Participant: 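One structure follows; several queries about it will come next.
Order of the sequence lines fixes the chain letters, A, B, ..., with proteins taken first and strands second; residue numbering starts at 1 for each chain. Computed from a predicted model, the values in this text were never measured in an experiment.
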Amino acid sequence: MAAGEQVTLLDSWASSFGMRVRIALAEKGVKYEYIEQDLWNKSGLLLQMNPVHKKIPVLVHNGKPVCESLVIVQYIDEVWKDKAPLLPSDPYQRAQSRFWADFVDRKIYEHGRMILTTKVEDQEAAAKKDFIDTLKLMEGELGDKPYFGGETLGYVDVALLPYCCWFYTYENILNFSLEADCPKLNAYCKRCLQKESVSKSLEDPKKIYDFALMLRKKLGVE
Amino acid sequence: MAEVKLLGAWGSPFSRRVEMALKLKGVEYEYIEEDLGNKSPLLLKYNPIHKKVPVLLHNGKPIAESLVILEYIDETWKTNPILPEDPYDKAMARFWAKFLDDTCMPAIWQIMWSKENQREKAMEEAIQHLKTLENELKDKRFFGGETIGLVDIVANFIGFWLGAFQEASGMELVNKERFPVLCRWIDEYVNCSVVKQNLPPRDKLIAFLQSRFSASSWKY
């Protein structure tokens, strides 16, 4: 990091969006100050740095805020461009990476949100099948590559990997096994967790599950 | 065989965004109109995941999702850039493009399709988001500055489609009293030549929307 450079991350420990930014910063070797946010009692700093959405993550770089996890990850990739590029250099490959990261946002996030906010008895078999089909689509896109980014971790990996610590929660609520239904994705998660940039950015799946149960009780669905 | 093809739909703001960017950069392309009620094998082949328009085909390789396509176009054809060079300014443009698509547009749809007793709440939410957008525009000529950029292209549904919706449905969300700055932008925008060439015929759009509103079920 250049002298006088100030990087701060406003985040919340369980957030899959926040984890994306943590992975990206770790991959680039960027030193930053992490400030945990209480989302039920939002700080003046958060409201000042993200007045539009009042959400985390927010990256503050030399006093200037960047919001929305994938916007932040692309920003990080462009500013700290000399190390560990996340997006490929070819425009077509870049477009494919953006497409799949957008897919993760729309489909996996939406499924996850539905699972989290629905009572166990109301979880439909159709929704479960849809979720597993979506994960299988990701498996298809991964193919035989070690990462979605090819030989090295890339943009789509950064978008998806945080869900690796949330899968345990979805498995328990939805009653399915990632290992049984999506073995390739399961193996991918295990493999990526061996990377320090990933393991240090993600949380313990059991801690996430306890947190999810607490959230579900609060929402009255548990 | 044309090097660049676009699978689109005449009334779709997403499809027209891509045409605007291609025209702005002087890129020749073959346009293929898709019947969204009867999707072609070509569309299903080139966008199997979402089965939607627009799809750009460049040398036979498909790209889907309008925001993804817009960035691809900007990176491939360097004339008249639609994104700034500076990473921070670029991040801001991407943020506002996302705000338009993920926050503004759904809020506006919500007014259209909400029940009578929830319409007022939906209106309030849409007004709040449009005021946020207006605040970002301030005294700039366009969101992109002196010339139209990514955010202006993405805001095409506010620049044009919203007016058509308002006329077709009788709903009034955006007017000069409530949104003086946004209305000023709308006037500049629709008179901008690259925009003017890439709008569907207004009467045809209004008639289409009216027929959809009067039918009880409509999927965009």
Participant: For the rings on B:Phe99 and A:His53, is their centre-to-centre separation under 6.0 Å?
Facilitator: yes
Participant: Please check if atom CE in B:Met171 has more than 12 non-hydrogen atoms from other residues, nucleotides or ligands closer than 6.0 Å.
Facilitator: yes
Participant: Nearest heavy-atom pair of A:Val79 and B:Pro87: which atoms, and what distance?
Facilitator: CG2-CB, 3.9 Å
Participant: With a 6.0 Å cut-off (strictly less than), is the heavy-atom count around NZ of A:Lys28, excluding the residue itself, greater than 12?
Facilitator: yes
Participant: Do B:Glu65 and A:Arg106 have side chains that get closer than 4.5 Å, going by heavy atoms?
Facilitator: yes
Participant: Determine whether more than 12 heavy atoms belonging to other residues, nucleotides or ligands lie under 6.0 Å from atom CD of A:Glu110.
Facilitator: yes
Participant: State the CG-CZ distance between A:Asn50 and B:Phe95, to the nearest 0.5 angstrom.
Facilitator: 5.5 Å
Participant: Tell me if the NZ atom of B:Lys90 is crowded by more than 12 foreign heavy atoms within 6.0 Å.
Facilitator: yes
Participant: Count the heavy atoms of every other residue, nucleotide or ligand shown that sit under 6.0 Å from NZ of A:Lys119, and state whether that count exceeds 12.
Facilitator: no
Participant: To the nearest 0.5 Å, how far apart are CD in A:Glu78 and CG in B:Asp86?
Facilitator: 9.5 Å
Participant: Report which part of B:His50 has an atom under 4.5 Å of a heavy atom belonging to chain A: side chain, backbone, both, or neither.
Facilitator: side chain
Participant: At a 4.5 Å cut-off on heavy atoms, which part of A:Pro51 comes close to chain B: side chain, backbone, both, or neither?
Facilitator: neither
Participant: Between A:Phe99, A:Tyr92, A:Phe103, who has the most heavy-atom pairs with chain B when the cutoff is under 4.5 Å?
Facilitator: A:Tyr92
Participant: Ignoring hydrogens and geometry, is there a side-chain-to-backbone donor-acceptor pair from B:Tyr88 to A:His61 under 3.5 Å?
Facilitator: no
Participant: Supply the atom-to-atom distance A:Ser89 OG to B:Glu75 CD, rounded to the nearest 0.5 angstrom.
Facilitator: 10.5 Å
Participant: Would you indicate whether B:Gln197, at its atom CD, is surrounded by more than 12 heavy atoms from other residues, nucleotides or ligands within a distance under 6.0 Å?
Facilitator: yes
Participant: Is the shortest heavy-atom distance from the side chain of B:Trp96 to the side chain of A:Val52 under 4.5 Å?
Facilitator: yes
Participant: Does any part of the side chain of B:Met92, heavy atoms only, come nearer than 4.5 Å to the side chain of A:Val71, both counted from C-beta?
Facilitator: no
Participant: Mark yes when over 12 heavy atoms from residues, nucleotides or ligands other than A:Lys145 sit less than 6.0 Å from its NZ; otherwise mark no.
Facilitator: yes
Participant: Using a strict cut-off of less than 4.0 Å between a Lys/Arg side-chain nitrogen and an Asp/Glu carboxylate oxygen, indicate whether B:Glu71 and A:Arg98 qualify as a salt bridge.
Facilitator: yes
Participant: Examine whether an atom of B:Ile49 lies under 4.5 Å from a heavy atom of chain A, and if so say whether it belongs to the side chain, the backbone or both; otherwise answer neither.
Facilitator: side chain
Participant: Please look at A:Asp90 and chain B and tell me whether the side chain, the backbone, both or neither of the residue comes under 4.5 angstrom of a heavy atom of that chain.
Facilitator: neither
Participant: Chain A heavy atoms under 4.5 Å from B:Lys98: which part of the residue, side chain, backbone, both or neither?
Facilitator: side chain
Participant: What do you reckon, is NZ of B:Lys121 surrounded by more than 12 foreign heavy atoms closer than 6.0 Å?
Facilitator: no
Participant: Which region of A:Ile72, side chain (C-beta onward) or backbone (N, CA, C, O), has a non-hydrogen atom less than 4.5 Å from a non-hydrogen atom of chain B, or is it both or neither?
Facilitator: neither
